[in-house]
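Since the structure comes first, as structure tokens, the remarks are kept for the end.
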Amino acid sequence: MQQALQNMRVVDLTQVLAGPYCTMVLGDLGADVIKVEKYPDGDDTRTMRPFANNESYCYMMVNRNKRGIRLNIKEEAGRAILYDLVKTADVFIENFRPGTTRKLGIDYETLRAVNPGLIYCSISGYGQTGPYSHKGGFDIMAQGLSGIMSMTGEKGGRPVKSGIAIHDIAAGVTALYSILAAYVHKMKTGEGQYIDLSLVDSGLAWTVWEAAAYFGAGEVSGPNGSAHRVSAPYQGFRTKNGHILIGAANQKLWERFCQDVIDRPELMEDPRFLTNSDRIRHVDELEAIIQEIIIREESQYWLEKLDKAGIPSGPIYRYDETMNDPHIRAREMIIEYEHPVAGPIVNLGFPAKFSKTPGQVRRPAPYLGQHTREVLRELNYSEDAIRELEENHII
């Protein structure tokens with residue numbers, strides 16, 4: 001089956017989550033991704049539980065559709081192999097701390113001399129410039145610096161980390177669209193370029209409503225529970241047997257909610273709730289009134305009424321409930337395939353549904369060093385040369 005990126009080759013020197021997520025999606029869309037893992041232990045996520053036949057599920061979740069080699073780039077012979085790979089590549093992506101690539105001889109200027117059309121993407125905690133650029137940074141530090149932790153949780157509570165590694169994924173997505181844009185430019189002009197992005201910048205760019213409040217009104221957003229910052233009622237409520245979400249986010253939906261769902265038409269005339277702006281100013285009072293009503297019945301009762309009234313709503317699931325929801329299953333967001341060591345693997349599916357060039361699993365995540373010999377043969381290394389590299393602990 002034809003795929004959109006089947007002529008792209010990517011050399012991937014990233015590990016853990018941000019970079020591997022980006023390169024996994026490139027691979028899902030057809031790119032030939034060669035994952036270069038450090039010698040001797042490989043990607044740090046290989047040590048993360050849970051395991052299937054000693055293969056890390058965390059590693060396998062973001063490294064499908066890649067060929068894997070293990071390479072000692074601290075040695076000159078290892079760097080020579082990497083240079084040979086770069087000569088064949090469209091994209092090179094790394095997530096070393098700034099300055100490390102220069103010490104290793106794999107910085108942009110060095111690799112551009114090897115391949116002038118190379119698209120080189122660096123992912124780091126804080127970026128290649130600025131007063132914090134020298135620091136190492138993980139997702140949780142980025143959540144702190146971006147202000148996202150200070151906005152997460154219930155009012156009056158302590159700062160709470162997002163339930164997912166939001167800055168890692170934001171950086172992976174930012175790298176993905178940036179690389180694709182650079183690839184389009186390369187197809188038009190033949191020019192490669194350098195891309196510098198950070199976990200902090202990538203997540204901060206997603207704080208659009210919070211930036212509007214700050215730049216437009218000088219307001220500093222804080223934790224808001226499940227409530228929205230500029231719409232009400234737009235949040236979670238507790239029912240008799242669980243929790244649901246209600247999104248009556250405009251005037252028409254608010255009026256339907258009052259009349260057709262909770263049977264309280266007088267709320268539409270209450271001066272505290274006349275407009276969305278009024279409801280936001282009195283959101284705590286509004287929440288208390290609605291909550292006192294919603295708690296009386298079970299979730300399904302309200303969800304049916306809300307759906308009948310045409311008001312966006314839904315359950316608040318535990319993750320196991322999400323995995324068993326019929327809509328998630330129908331959208332093929334859970335897929336299964338075979339791994340040569342781990343056996344049957346369950347993974348998340350492809351969120352974008354292409355009509356002509358769909359994502360597909362062409363290969364499971366590689367076991368450590370699985371494709372080293374295969375890739376070196378493609379680079380015209382002889383069997384004797386490969387054996388010598390193994391003996392010298394280069395591969």
Side-chain angles (χ1 to χ4, degrees), residues 143 148-166 209-210 221-334 346 348-349 351:
Q143 289 194 35
I148 285 179
M149 276 188 71
S150 73
M151 306 172 196
T152 306
E154 295 293 337
K155 293 179 181 179
R158 64 178 184 173
V160 177
K161 183 179 77 67
S162 170
I164 65 169
I166 191 168
W209 297 138
E210 296 71 26
S221 298
N224 217 28
S226 64
H228 200 277
R229 304 195 189 283
V230 296
S231 295
Y234 188 101
Q235 64 185 93
F237 291 94
R238 186 175 181 179
T239 68
K240 195 173 183 178
N241 67 335
H243 295 82
I244 62 170
L245 293 164
I246 298 172
N250 60 42
Q251 194 65 24
K252 188 175 182 179
L253 291 174
W254 161 246
E255 292 172 1
R256 283 190 205 161
F257 177 72
C258 293
Q259 292 176 322
D260 301 335
V261 179
I262 61 173
D263 193 24
R264 292 288 299 274
E266 70 274 13
L267 292 178
M268 294 187 294
E269 307 301 324
D270 191 316
R272 297 172 297 173
F273 312 136
L274 286 176
T275 68
N276 184 67
S277 295
D278 295 326
R279 292 191 290 277
I280 287 294
R281 281 194 296 270
H282 299 280
V283 68
D284 291 339
E285 298 159 77
L286 178 63
E287 179 182 351
I289 292 170
I290 296 174
Q291 182 59 81
E292 194 272 333
I293 298 169
I294 298 297
I295 194 70
R296 299 172 189 170
E297 303 288 347
E298 294 187 351
S299 297
Q300 194 58 36
Y301 170 85
W302 291 116
L303 291 173
E304 289 176 2
K305 291 198 75 174
L306 288 158
D307 192 48
K308 185 176 180 181
I311 296 170
S313 61
I316 299 178
Y317 276 159
R318 297 188 315 268
Y319 198 63
D320 59 332
E321 294 175 309
T322 300
M323 293 294 101
N324 288 288
D325 184 270
H327 183 80
I328 301 299
R329 295 279 177 171
R331 293 286 293 172
E332 299 182 336
M333 281 306 297
I334 299 170
V346 184
L348 296 175

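Heads up: numbering here begins at 1 and tracks the sequence. Since this is a predicted model, take the numbers as computed values, not measurements.
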Nearest heavy-atom pair of [X] and [Y]: which atoms, and what distance?
X	Y	result
G153	P223	O-CB, 3.5 Å
V261	A309	CG2-CB, 3.8 Å
S221	M151	O-CG, 3.7 Å
V283	K155	CG1-NZ, 4.1 Å
Q259	P265	CG-CB, 4.3 Å
L267	F273	O-CB, 3.8 Å

Say you draw a straight line from [atom1] of [X] to [atom2] of [Y]; how long is it, rounded to the nearest 0.5 Å?
X	Y	atom1	atom2	result
K308	D260	NZ	CG	9.0 Å
L286	D270	CG	CG	9.0 Å
R281	R272	CZ	CZ	13.0 Å
L245	W302	CG	CH2	15.5 Å
R158	S150	CZ	OG	15.0 Å
D263	F257	CG	CZ	11.5 Å

Decide if atom [atom1] of [X] counts as having more than 12 heavy atoms of other residues, nucleotides or ligands within a radius under 6.0 Å.
X	atom1	result
Y234	OH	no
E255	CD	yes
R238	CZ	no
R331	CZ	no

Mark yes or no for whether [X], through its side chain, and [Y], through its backbone, hold a donor-acceptor pair below 3.5 Å.
X	Y	result
Q143	S162	yes
W254	N276	no
N241	S299	yes

Does a side-chain heavy-atom distance below 4.5 Å link [X] with [Y]?
X	Y	answer
I244	S313	no
R329	N324	yes
K305	E297	no
V160	M149	no
V346	M323	no

Problem set entry | Residues D278 and T275: side-chain donor-acceptor under 3.5 angstrom |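 Yes, side-chain donor-acceptor contact under 3.5 Å.
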
Exercise. Only one of M268, R279, R256 clears side-chain contact (heavy atoms from CB on, under 4.5 Å) with Q251; which?
Worked result: R279

Exercise. Under the side-chain contact (heavy atoms from CB on, under 4.5 Å) criterion, do L303 and T239 qualify, and how do the steps go?
Worked result: CA-CA 10 Å; L303 291 173; T239 68; over 6 Å; no

